[in-house]
Amino acid sequence: MKEYLYSAFKEAENKIPQLKEIPISFDIPKSIEHGDLSSNAAMLLTKSLKKNPKAIAQEIIDSLNLDHSVISKAEIAGPGFINFFFTPTYTTQIIKKILDKKDNFGKSEKYKGKKANVEFVSANPTGPLTVGHGRNAVVGDTVANLLEWIGYEVDREYYFNNAGRQMRVLGDSVKLRYLEALGEDVNFPEDYYQGEYIKQIAKQLYLKYGNKLRNEDPESIFKDTAEQEIFVDIKKSLQNLGINHKIFFNENTLYEDGKIEKLLLVFKEKNLSYEKDGAVWLKFSELGQTEDKVIVKNTGEPTYRLPDIAYHAVKMDRGYDLLIDLFGSDHNATYPDVMAGLKAIGYDTSKVKVLIHQFVTIMDGGEVVKMSTRKANYITLDELNDEVGKDVVRYFFNMRNVNSHMIFDLAVAKKQSDENPVFYLQYAHARISSILRRVKEEHLEVSIEHLNLLIHEDEQALLKVLHNFKEELFNSAENLEPHKLCTYLYDLAGAYHKFNRSCRILGTEKNLAEARLALAYATMIVIKNGLSILGVSAPEQM
RNA sequence: GCGCCCGUAGCUCAAUUGGAUAGAGCAUCAGCCUUCUAAGCUGAGGGUUAGUGGUUCGAGUCCACUCGGGCGUACCA
């Protein structure tokens with residue numbers, strides 16, 4: 001619908017040249033009384049034309065060469081909006097497009113040939129994924145799906161670190177539990193990993209090796225086994241949500257490949273680093289940041305900034321057109337340093353989009369659950385998944401703007417899973433599947449022969465929602481905002497349920513029934529496509 | 001103190017990126033099944049968009065300040 005008006009306005013530029021100077025856009029009015037699309041162009045031209053907006057609006061309408069079989073009415077309203085009403089026949093045409101493309105309807109080739117990388121989850125293997133990681137995992141995977149739908153070839157990547165203090169503590173924790181299993185009296189520090197999984201791993205080692213590991217270094221077999229076991233667990237948790245990373249990138253390889261050393265050298269050559277108090281500092285203050293920061297500690301060990309910069313450089317070198325980093329707000333202070341560092345060594349940081357999601361407050365009943373992997377005070381993602389199912393988990397984490405501090409009440413999620421909005425969507429899909437099964441007995445078929453019979457207000461309302469799918473999807477993808485797709489699909493399901501109530505198929509005259517069937521089928525396709533992007537199933541029956 | 005994010009109906013959240021009368025779900029109340037799944041539909045009540053000022057044809061959205069909450073502010077990641 002918008003395309004039609006864009007070209008009409010383009011033509012009108014010959015008569016009103018000032019139209020070139022303003023951004024032409026069309027909004028979908030909230031109220032149907034205001035038409036299908038509206039333009040604010042007249043209001044934007046008041047200054048340059050020095051006339052009142054209503055007079056300008058009339059001029060614009062007069063200079064538009066509108067086809068009456070497409071636009072039934074263009075009228076001036078309010079302070080100077082031009083409202084366009086499309087003919088019912090035109091709106092029905094979307095059905096043909098949907099039935100033609102089916103599973104591919106909504107896909108775009110705008111970014112065909114472009115490559116993107118989405119890095120998400122990236123939790124170090126110190127324990128199982130918790131509900132706290134759920135938002136990151138689900139949103140990341142969905143963003144990747146969205147990008148694929150608009151043409152990108154996407155690599156999903158997981159960055160982790162099996163060195164450093166966290167992992168040392170992990171190895172120590174396992175070793176102590178192992179010694180415990182041997183019957184030794186150990187003092188297990190409070191700030192070590194308290195989780196049951198540590199004991200399990202220790203027990204396995206005990207069963208396999210007996211007491212032979214008593215003198216092994218905690219950082220050898222203890223740490224390595226824990227890392228492997230935990231990673232198997234993490235991957236399984238992700239798979240349970242339909243998430244599969246293509247690349248698992250270990251920070252270690254940056255050292256093995258000499259990237260870290262090379263980067264240090266580059267900083268030094270560019271005179272961007274210096275030594276002080278036995279540490280190496282990067283001149284962030286000269287790179288637009290507030291102060292210089294340490295990149296190599298006086299122990300000789302780099303801080304996270306150095307490998308982070310090196311890692312991003314590696315990703316950039318792979319030739320992606322778009323790089324997405326997704327992490328929680330606890331990391332929001334780290335990325336400006338990384339970007340500044342990258343820029344300083346000549347990378348185009350405009351290709352990197354950093355997506356920060358706010359924390360999820362987990363509630364159980366009326367109480368806030370504070371999660372900590374160390375203290376083993378958490379609810380795992382698997383536990384949640386087992387409780388409410390993948391569809392609910394994925395929809396729930398996707399449905400909110402990542403900027404919002406969402407509250408997840410476990411008690412509500414468990415108790416009211418029937419009332420979760422995802423069922424509203426799936427139910428619409430199941431209802432349509434059900435009709436398609438039923439009509440076979442009645443010798444009715446999906447037909448596009450008499451679409452012009454679809455003039456009921458609920459039919460037209462549904463058609464207009466279908467018209468918006470492509471644009472909404474695009475919006476959602478380009479802005480990296482999965483929740484917009486959820487909102488759209490919810491509205492679509494609502495329009496369908498309404499139509500389902502007022503426009504029956506069985507018992508209706510054949511031509512109209514078959515046209516309605518085509519509309520229902522088109523709706524089913526769009527719901528299914530939308531749900532597949534969210535990673536939610538579209539059941540045939542419920 | 002400083003930086004980022006947030007504050008919208010009793011609760012959980014939307015709002016086409018500055019548009020017209022701020023919308024949904026839950027909860028409350030009142031209706032709709034001999035008819036394709038009632039996990040649905042219809043209606044009612046519920047708001048000074050935290051507050052104050054500013055920008056303009058027009059502000060929940062942009063700017064400034066105030067109040068309140070989250071996360072950071074390391075030679076932890």
For B:rC57, does either OP1 or OP2 sit under 4.0 Å from a side-chain N or O belonging to A:Lys54?
no
With P as the reference atom in both, quote the distance from B:rU28 to B:rC36 in angstrom, rounded to an integer.
28 Å
List the steps and the verdict of ring-ring contact (aromatic ring centres under 6.0 Å, His included) for A:Phe231 and A:Tyr158.
CA-CA 11 Å; A:Phe231 242 125; A:Tyr158 189 125; 5.5 Å; yes
Can a side chain N or O of A:Tyr424 be found less than 4.0 Å away from OP1 or OP2 on B:rC41?
yes
Ring-on-base stacking B:rA20 with A:His34 (under 5.5 Å, under 30°)
yes
Give a yes/no answer on whether the side chain of A:Lys498 brings an N or O atom under 4.0 Å of OP1 or OP2 in B:rC41.
no
Take atom P in B:rG51 and the same atom in B:rG10, then report the distance between them in whole Å.
13 Å
How is A:Gln289 classified with respect to the nucleic acid when contacts are heavy atoms under 4.0 Å: base, sugar-phosphate, or nothing?
nothing
For a quick check of understanding: with a heavy-atom distance under 4.0 Å over all strands, which category does A:Phe26 fall into, base, sugar-phosphate or nothing?
nothing
Sticking with atom C1', work out how far B:rG40 lies from B:rA24, rounded to a whole angstrom.
16 Å
Between A:Ala430 and A:Met542 the two heavy atoms that sit nearest each other are CB-CG, 3.8 Å
Going by the side chain to side chain contact (heavy atoms under 4.5 Å, CB included) test, name the single residue among A:Leu480, A:Ile324, A:Leu326, A:Leu355 that passes it with A:Val118.
A:Ile324
Euclidean distance for P, B:rG47 against B:rC11 (whole angstrom):
12 Å
Could you let me know what B:rA64 is paired to, Watson-Crick or G-U wobble, both distances under 3.5 Å, or none if it's on its own?
B:rU52
Which one, B:rG72, B:rC75, B:rC41, comes nearest to the side chain of A:His497?
B:rC41
note: A:Glu291, atom CD; B:rC75, atom P; distance rounded to Å ~ 8 Å
Can you tell me the pairing partner of B:rG3 across any strand shown, Watson-Crick or G-U wobble, with both distances under 3.5 angstrom?
B:rC71
Does B:rC26 have a Watson-Crick or wobble mate here (both distances under 3.5 Å), and if so which one?
B:rG10
Hey, does A:Met399 reach any base, or is it just sugar-phosphate, or nothing, if we go heavy atoms under 4.0 Å?
nothing
Expressed in angstrom and rounded to an integer, what is the separation of A:Met1 atom CE from B:rU16 atom C1'?
13 Å
Look at the side chain of A:Ala279 and decide which nucleotide, out of B:rA39, B:rC75, B:rA20, has an atom nearest to it.
B:rC75
Rounded to whole Å, the CE-C1' distance (A:Met167 to B:rA77) equals 12 Å
Please classify the nucleic acid contact of A:Asn161 as base, sugar-phosphate, or nothing, using heavy-atom distances under 4.0 Å.
sugar-phosphate
Determine whether A:Phe397 and A:Phe408 satisfy the following criterion, ring-ring contact (aromatic ring centres under 6.0 Å, His included), listing intermediate values before the conclusion.
CA-CA 9 Å; A:Phe397 283 124; A:Phe408 196 153; 5.6 Å; yes
Let's see if you can work this out: which of B:rA77, B:rC71, B:rG40 has an atom nearest to the side-chain heavy atoms of A:Tyr304?
B:rA77
Over all strands shown, is A:Arg504 touching base, sugar-phosphate only, or nothing at heavy-atom distances under 4.0 angstrom?
base
Once you round it to whole Å, what is the distance between C1' of B:rU16 and CG of A:Asn468?
9 Å
So does A:Ser404 get a side-chain nitrogen or oxygen closer than 4.0 Å to the phosphate oxygens (OP1/OP2) of B:rA14?
yes
Length of the line joining A:Leu492:CG and B:rU16:P, which is rounded to integer Å:
19 Å
Looking across every strand, which nucleic acid part, if any, lies under 4.0 Å from A:Asp491 by heavy atom: base, sugar-phosphate, or nothing?
nothing
Would you measure the distance from the C1' atom in B:rA39 across to the matching atom in B:rC57 and give it in whole Å?
47 Å
Closest non-hydrogen atoms of A:Gly127 and A:Thr373, given as atom of the first, atom of the second and distance, are CA-CG2, 4.2 Å
NA contact type, A:His331, heavy-atom cut-off 4.0 Å: base, sugar-phosphate, or nothing?
base
Re B:rG58: Watson-Crick or G-U wobble partner, both distances kept under 3.5 Å, found to be none
Are A:Lys73 and A:Phe85 in a cation-pi contact, defined as NZ or CZ under 6.0 Å from the six-membered ring centre and within 45° of the axis?
yes
Looking for any heavy atom pair under 4.0 Å, which part of the strands does A:Gln541 touch: base, sugar-phosphate only, or nothing?
base
Under a 3.5 Å limit on both distances, the Watson-Crick or wobble mate of B:rG46 is none
Base, sugar-phosphate, or nothing: which does A:Asn40 touch, judged by heavy atoms less than 4.0 Å apart?
base
In whole angstrom, what separates A:Asn500's CG from B:rU42's P?
12 Å
Mind checking who B:rC33 pairs with, Watson-Crick or G-U wobble, both distances under 3.5 Å?
none
Between B:rC76 and A:Lys297, is there an OP1 or OP2 to side-chain N/O distance shorter than 4.0 Å?
yes
Categorize A:Ile407 for me: base, sugar-phosphate, or nothing, with a 4.0 angstrom heavy-atom threshold over every strand shown.
sugar-phosphate
Can you tell me how far C1' in B:rG60 sits from the matching atom in B:rU17, rounded to whole Å?
13 Å
Testing the 3.5 Å rule here: is there a donor-acceptor pair between the side chains of A:Asp27 and A:Ser38?
no
With a non-hydrogen cut-off below 4.0 angstrom, is A:Ala430 in contact with a base, only sugar-phosphate, or nothing?
base
Report which part of the nucleic acid A:His405 touches: base, sugar-phosphate, or nothing (heavy-atom distance under 4.0 Å, all strands).
base
Length of the line joining A:Phe408:CZ and B:rU12:C1', which is rounded to integer Å:
12 Å
Work out how far the C1' atom of B:rA74 is from that of B:rG3, and round it to whole angstrom.
16 Å
Please pick, from B:rA14, B:rC75, B:rC71, the nucleotide with the shortest atom-to-atom distance to any side-chain atom of A:Trp281.
B:rC75
What is the base-pairing partner of B:rA39, counting Watson-Crick and G-U wobble geometry with both distances under 3.5 Å?
none
Taking atom P in both B:rU73 and B:rU16, what distance in whole Å separates the two?
34 Å
Under the 3.5 Å rule, do the base of B:rA15 and the side chain of A:Thr487 count as making a donor-acceptor pair?
no
With hydrogens left out and only the distance checked, is there a donor-acceptor pair under 3.5 Å joining A:Asp409's side chain and the base of B:rU12?
no
Check whether the side chains of A:Glu75 and A:Asn83 place a donor and an acceptor atom closer than 3.5 Å, and report yes or no.
no
If we call it a pair only when both distances are under 3.5 Å in a Watson-Crick or G-U wobble match, what pairs with B:rG18?
none
At 4.0 Å (heavy atoms only), tell me whether A:Ser25 reaches a base, stays on the sugar-phosphate, or touches nothing.
nothing
Do A:Arg374 and A:Tyr193 form a cation-pi contact, if we require the NZ or CZ to be under 6.0 Å from the six-membered ring centre and within 45 degrees of the ring's axis?
yes
Among B:rG40, B:rA39, B:rA77, which nucleotide has an atom closest to any side-chain atom of A:Arg431?
B:rG40
Which part of the nucleic acid does A:Thr299 contact within heavy-atom distance under 4.0 Å: base, sugar-phosphate only, or nothing?
nothing
Checking the side chain of A:Glu275 only, and the main-chain atoms of A:Gly278 only, is there a donor and an acceptor separated by less than 3.5 Å?
no
Nearest whole Å is fine: how far is B:rU17 P from A:Asp27 CG?
5 Å
